[in-house]
Protein chains: 2
Amino acid sequence: MQMSQGVEWALHTCLNLSWLPPDQAVPTGKLAAFYELPAAYLNKQLQALVRAGILSSQPGPRGGFRLARAPEDITLLDVVLAIEGPDEAFVCNQILRHGPGGRPEVDYRQTCLLARGMRRADIAWRRELAAQTLAEIREDVERHFPETPRNTRARFAGQ
Amino acid sequence: MQMSQGVEWALHTCLNLSWLPPDQAVPTGKLAAFYELPAAYLNKQLQALVRAGILSSQPGPRGGFRLARAPEDITLLDVVLAIEGPDEAFVCNQILRHGPGGRPEVDYRQTCLLARGMRRADIAWRRELAAQTLAEIREDVERHFPETPRNTRARFAGQ
DNA sequence: GTTCAGATACTCGGATAGGGACTGTCCGAGTCCTATTGG
DNA sequence: CCAATAGGACTCGGACAGTCCCTATCCGAGTATCTGAAC
């Protein structure tokens, strides 16, 4: 099991956008050049973020992507779910239905205690991701690396 | 991101084995027939459990698989890691290294605050899985479905 | 000088190929059981 | 009757194809800007 690397791209890109003025749109090319990523593929991830309501897009000259809402209202879980989809990692295929005494009308995704145990872990994972907003991460970065905001703005302002 | 369905097979199989006397070995064919699973593919998953020290195998007639240690010493995390591998879901590819001011000698898997946030969630997930032992799950099942142990034993004893 | 229309260049969005991992299957190495034969 | 041996059947373990999703790319639809001319 391995998460798509698009998650990493999306997280860093959203964090970079959080340092820019809210009305500044950045096109895919500049966002990709920041980390030397393939622009067309990054664009695909950004589309998913737009569909999730995390980014807003604008076509044409002076167009690009910007944050659709405040960094305080964007959690790590929001970004991860936008890229990876809403389904949880462990999917219960209800093999108990094919076992001895299996009833077709029972929803074993709810009753199976193993599925419930896996769900408990998934909930803990989501709770931890939902507890971290983009604004908090940004503050942490500014505390540890004070020059990052200025460098980021300069990189996107240049040209 | 979706977990291999072999995890579900492995979990249920280990749980079934926990109801049998510790010296009873069950071959792949019977374990697969219990849930109508493809025997050869289930065997592949059981091999992984043997390599992880969760099951022990014995070839030849009267051979098969049995739990290698007590259900109290087998956690859900042990089974999941045996099938899925030890790596965590989010892998930090250190794209900060290719960004402005990226240093080749820095290990960004440790310093990147986004990677750290994702790691926090992964740790919470593993902590929750490690907190549930196979023995506790077994007791829960016996409490909710008292006839399950007898049915399981009968199914494996029959023939 | 101002305004309007056309052309242009730029950007997003979805549709289109390629590769790796999960899924599924098969056959060989090793082991235990059993039947037979000789004492 | 007992023991040894040879054969057979059974099981695990790793090696071999098929399929789906992630990766990567390209081109068309739409929009803001710029230029030029007309008023």
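Below, chains carry the letters A, B, ... as their sequence lines are ordered, and counting in each starts from 1.
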Sub-3.5 Å pairs of nitrogen or oxygen atoms, protein against nucleotides 28-34 of chain C:
none

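Nucleotide D:dA24 holds its C1' atom 9 Å from the CH2 atom of A:W9, rounded to whole Å. One interatomic measurement links the two molecules: CD of A:Q47 to C1' of C:dT16, which rounds to 14 Å at whole-angstrom precision. Put simply, CG on A:L42 is 11 Å from P on D:dA24, counting in whole angstrom units. Summarising the geometry, the separation between CG on A:N43 and P on D:dC26 is reported as 13 Å, rounded to the nearest angstrom. One can place CD of A:Q45 at 14 Å from C1' of C:dG13, the figure rounded to the nearest angstrom. To the nearest angstrom, P of C:dC12 lies 11 Å from CZ of A:R66. Distance, A:L49 CG to C:dC12 P: 13 Å, rounded to whole Å. Rounded to an integer number of Å, the gap from CD1 of B:I83 to C1' of C:dT23 is 14 Å.
B:T28 has its side chain within reach of B:L46: a pair of non-hydrogen atoms, C-beta onward, lies under 4.5 Å apart. Side-chain contact check for A:H144 versus B:L113: some heavy-atom pair is nearer than 4.5 Å. Between B:K30 and B:R155 there is no side-chain heavy-atom pair separated by less than 4.5 Å. The shortest side-chain heavy-atom distance between B:H12 and A:C112 falls under the 4.5 Å cut-off.
The rotation axes computed at either terminus of the helix from C:dG1-D:dC39 to C:dG39-D:dC1 lie 10° apart, taking five pairs at each end and rounding to 10 degrees.
Relative ring orientation between A:F156 and A:F34 is described as parallel, the plane-to-plane angle staying below 30° on a 0-90° scale split at 30° and 60°.
With respect to B:D122 and B:R119, no salt bridge is recorded, no charged nitrogen being found less than 4.0 Å from a carboxylate O. For A:R69 and A:D78, the salt-bridge test passes: some basic side-chain N is under 4.0 Å from an acidic carboxylate O.
Exactly one residue among A:R120, A:R127, A:R126 makes a salt bridge (Lys or Arg N to Asp or Glu O under 4.0 Å) with B:E128. That residue is A:R120.
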Under 3.5 Å, which donor-acceptor pairs link side chains of residues 89-108 of chain B to any protein atom two or more places apart or in another chain?
{"residue": "B:Q94", "atom": "OE1", "partner": "B:R97", "partner atom": "NH2", "Å": "2.9"}
{"residue": "B:Q94", "atom": "OE1", "partner": "B:Y108", "partner atom": "N", "Å": "2.9"}
{"residue": "B:R97", "atom": "NH2", "partner": "B:P104", "partner atom": "O", "Å": "3.4"}
{"residue": "B:R97", "atom": "NH2", "partner": "B:V106", "partner atom": "O", "Å": "2.6"}
{"residue": "B:D107", "atom": "OD1", "partner": "B:R109", "partner atom": "N", "Å": "3.2"}
{"residue": "B:D107", "atom": "OD1", "partner": "B:R109", "partner atom": "NE", "Å": "3.0"}
{"residue": "B:Y108", "atom": "OH", "partner": "B:R103", "partner atom": "N", "Å": "2.9"}

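Evaluation of the ring pair (Phe, Tyr, Trp, His ring centres under 6.0 Å) test over residues 37-81 of chain A, restricted to residues two or more places apart or in two chains, returns A:W9-A:Y41.
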Using a 4.0 Å heavy-atom cut-off to protein, can you give one letter per nucleotide of nucleotides 16-22 of chain D, 5' to 3': B if the base is in contact, S if only the sugar-phosphate is, - if neither? ------S
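A side-chain donor-acceptor contact under 3.5 Å links A:E142 and A:W19. Judged by distance alone, the side chains of B:R116 and B:Q110 never bring a donor and an acceptor atom under 3.5 Å apart.
Nearest-nucleotide mapping onto DNA chain C: of A:F65 and B:A40, the residue sitting toward the 5' end is A:F65.
Within residues 50-57 of chain B, the residues that place at least one heavy atom under 4.0 Å from DNA chain D are, in residue-number order, B:R51, B:S57.
Which of C:dT11, D:dC12, C:dG13 sits closest to the side chain of B:P27 comes down to D:dC12.
Contact annotation for A:G64: backbone-only contact, meaning every heavy-atom pair under 4.0 Å involves sugar-phosphate atoms and none involves a base.
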Could you go through the side chain to side chain contact (heavy atoms under 4.5 Å, CB included) check for B:V80 and A:M118 one step at a time? CA-CA 10 Å; B:V80 172; A:M118 295 299 292; 3.8 Å; yes
Could you give me the CA-CA distance, side-chain angles and deciding distance for B:I54 and B:V79, then say whether side chain to side chain contact (heavy atoms under 4.5 Å, CB included) is met? CA-CA 8 Å; B:I54 297 173; B:V79 177; 4.2 Å; yes
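Between A:T28 and C:dC12 there is a side-chain polar atom (N or O) within less than 4.0 angstrom of OP1 or OP2.
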